[in-house]
Amino acid sequence: MTDGCGRTIRYLRLSVTDLCNYRCRYCMPETGVEKRTHRDILSAEECVEIGRAAVNCGVKKIRLTGGEPLVRRGILEICGGLSAIGGLEELCMTTNGSLLPDLAAPLKEAGVSRLNVSVDTLCPERFSHITRRGRLVDVLAGLEAAERAGFTNLKCNVVLIGGFNDSEIRDFVALTEHRPWEIRFIELMPMGQCVGWERSCFLPAEEVLRQVPALRPCEPSGTAARYRVPGWAGTVGLIEPLSHRFCNRCDRIRVTADGKLKPCLHSEAELSLRGLHGAELEAAIRRGIAQKPEQHHLSDGGSDTPRNMNEIGG
Ligand code: SF4
Ligand code: SF4
């Protein structure tokens with residue numbers, strides 16, 4: 001269906017937990033987040049029911065997010081239920097990759113079609129610093145396991161942080177020489193944990209083009225402008241929520257792990273979907289889509305959402 005601004009909404013980002021086994025400095029407090037009871041979080045059945053209702057409203061692609069979706073109990077059941085929905089064209093997941101060594105093959109069997117793996121640095125010490133508790137070696141093993149399981153079209157999400165990983169831009173781009181991966185550089189957003197960070201941390205994604213002038217534009221994908229070094233196997237995506245607004249081609253809605261529909265990442269507007277079923281649930285989703293704001297004003301002073309990224313799923 002189309003929203004009030006004429007944009008066709010075809011993409012649902014469904015958060016299945018706000019918990020994570022990492023504590024990335026830009027995302028979560030060191031102490032983690034308060035564990036909610038099972039009753040506060042969508043059940044596996046509710047996740048599938050919301051997915052089905054969203055597909056009935058025109059959604060063609062669902063991405064499972066977190067927190068970290070792979071720490072969610074019953075994640076394979078949720079994947080299996082969603083992938084069986086007629087009319088759903090893609091079931092994707094964004095993960096920190098640490099649990100993929102065991103779960104990549106079962107996820108493929110459960111119908112997940114594509115994985116985005118977050119990895120902000122290729123340096124083991126920096127990796128442990130930014131995640132506060134992660135090990136790079138686990139994520140690299142996760143990427144290998146994902147390829148073995150048949151996820152050949154991997155995307156790696158790299159949050160660009162000035163003074164932290166801008167010295168690794170060329171190393172990340174070099175991964176695309178022989179691998180058919182997409183390396184996606186994402187501008188750090190001034191929300192949640194990093195609201196007060198120094199301005200120098202917030203780099204425009206164009207820094208990638210400045211450092212790697214051999215990159216040439218190719219066809220865009222969703223909210224990412226895409227580039228490739230001619231002759232190389234993979235691509236480079238730039239996701240620029242700060243410097244280039246892409247709200248005019250936004251096709252997404254979000255549902256939080258506690259069952260709130262968020263028409264826009266940066267708006268405080270939320271509609272509760274819990275306790276709704278069938279036609280009532282679909283009507284609520286349609287109401288949310290109709291209320292989607294035209295754009296955000298992130299560059300004018302920050303996000304309006306009171307939630308941390310781990311609660312919204314990025
Ligand atoms: S950014 Fe991702 S991996 Fe890091 S703490 Fe947040 S949810 Fe976990
Ligand atoms: S800020 Fe809101 S409208 Fe703009 S791209 Fe993000 S979710 Fe879409």
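These numbers come from the heavy atoms of this one structure, side chains and all, not from hydrogens, waters or symmetry mates. Just follow the structure's listing: the first ligand is 1, and inside any ligand the first atom is 1.
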(message) Within ligand 2, which atoms have a heavy atom of K292 less than 4.0 Å away?
(response) 3 (S), 7 (S), 8 (Fe)
(message) For R73, I'd like to know if atom CZ has over 12 heavy atoms of other residues, nucleotides or ligands within 6.0 Å.
(response) no
(message) Under a 4.0 angstrom heavy-atom cut-off, which atoms of ligand 1 come close to N96?
(response) 3 (S)
(request) Examine H266 and say whether one of its N/O/S atoms is closer to atom 8 (Fe) of ligand 2 than 2.8 Å. (result) no
(request) Would you check if there is a donor-acceptor pair between the side chains of S113 and E90 at a distance under 3.5 Å? (result) no
(request) For G67 and ligand 1, answer yes if some heavy atom of the residue is under 4.0 Å from a ligand atom, otherwise no. (result) yes
(request) Please examine the side chains of K61 and E89, heavy atoms only from C-beta on, and report whether any two atoms are closer than 4.5 Å. (result) no
(request) Only pairs at least two apart or in different chains count here, so list each ring-ring contact (aromatic ring centres under 6.0 Å, His included) that has a residue in residues 113-143. (result) Y22-F127
(request) Check whether NZ of the Lys or CZ of the Arg K60 lies under 6.0 Å from the centre of the six-membered ring of Y11 and within 45 degrees of that ring's axis. (result) no
(request) Given side-chain hydrogen bond (donor to acceptor under 3.5 Å, both in side chains), test E147 with T152 step by step and report yes or no. (result) CA-CA 5 Å; E147 284 212 304; T152 47; over 6 Å; no
(request) Within a distance under 4.0 Å of any heavy atom of R254, pick out the atoms of ligand 2 and give their elements. (result) 7 (S)
Enumerate donor-acceptor pairs with a distance under 3.5 Å from any side-chain N or O in residues 158-165 to protein atoms, sequence neighbours excluded.
unit_1 : atom_1 : unit_2 : atom_2 : d
N165   : OD1    : I161   : N      : 2.8
N165   : ND2    : D120   : O      : 2.8
N165   : ND2    : V159   : O      : 2.8

(message) Report whether any nitrogen, oxygen or sulfur of C264 sits less than 2.8 Å from atom 2 (Fe) of ligand 2 (N, O or S, backbone or side chain).
(response) yes
(request) Check ligand 2 against C247 and write out every atom of the ligand that is under 4.0 Å from a heavy-atom position of the residue. (result) 1 (S), 3 (S), 4 (Fe), 5 (S)
(request) Check each atom of ligand 1 against the heavy atoms of C24 and keep those under 4.0 Å away; list them by number with element. (result) 1 (S), 3 (S), 4 (Fe), 5 (S)
(request) For ligand 1, indicate whether the residue C20 contacts it via side chain, backbone, both or neither (heavy-atom separation under 4.0 Å). (result) side chain
